[in-house]
Chemist: 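First, the structure itself, so that you have it in front of you.
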Amino acid sequence: MKTIEEKIEITINSLDGVQSIEVPSSLQSVLMSISLQKAVRPMTANQKWLIAASIAVVLSINIVTIIQYQKSVKNAENTITTADNVVYKEYFSSEY
């Protein structure tokens, strides 16, 4: 059985014959021209307000979800105690 060091050595040696592929000059010039043609435009005020409104909506939905989850956890704890009381009443109480 091979040790980990031998496996690492085999893996490192397997990369010895690998060569990087050169990008053809025609493709490189086309890519460079595309990047130069696209000018970066600043964001308009309307776009900034839309982003801010979207963030506010997401935050408010998260806050409401957290509050609802906390309420459901508290209700689940109360339900467990109520269920325990029902079991007690059914088996041990003389109310039924």
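As the structure is a prediction and not an experimental result, all values here were calculated from the model.
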Chemist: For Gln47, check side chain to side chain contact (heavy atoms under 4.5 Å, CB included) against everything at least two apart and list the hits.
Modeler: Met43, Thr44
Chemist: By side chain to side chain contact (heavy atoms under 4.5 Å, CB included), which residues pair with Ile10, not counting sequence neighbours?
Modeler: Lys2
Chemist: Taking distance alone, no hydrogens or angles, what donor-acceptor pairs closer than 3.5 Å link side-chain atoms of residues 60-70 to residues at least two apart or in another chain?
Modeler:
{"unit_1": "Ser60", "atom_1": "OG", "unit_2": "Ala56", "atom_2": "O", "d": "3.1"}
{"unit_1": "Ser60", "atom_1": "OG", "unit_2": "Val57", "atom_2": "O", "d": "2.8"}
{"unit_1": "Asn62", "atom_1": "ND2", "unit_2": "Val58", "atom_2": "O", "d": "3.4"}
{"unit_1": "Thr65", "atom_1": "OG1", "unit_2": "Ile61", "atom_2": "O", "d": "2.7"}

Chemist: What distance do Thr11 atom OG1 and Glu9 atom CD have between them, rounded to the nearest 0.5 Å?
Modeler: 9.0 Å
Chemist: Between OG of Ser33 and CD of Gln28, what distance do you get to the nearest 0.5 Å?
Modeler: 11.5 Å
Chemist: Among all residues two or more places apart in sequence or in another chain, which pass the side chain to side chain contact (heavy atoms under 4.5 Å, CB included) test with Ile4?
Modeler: Ile8
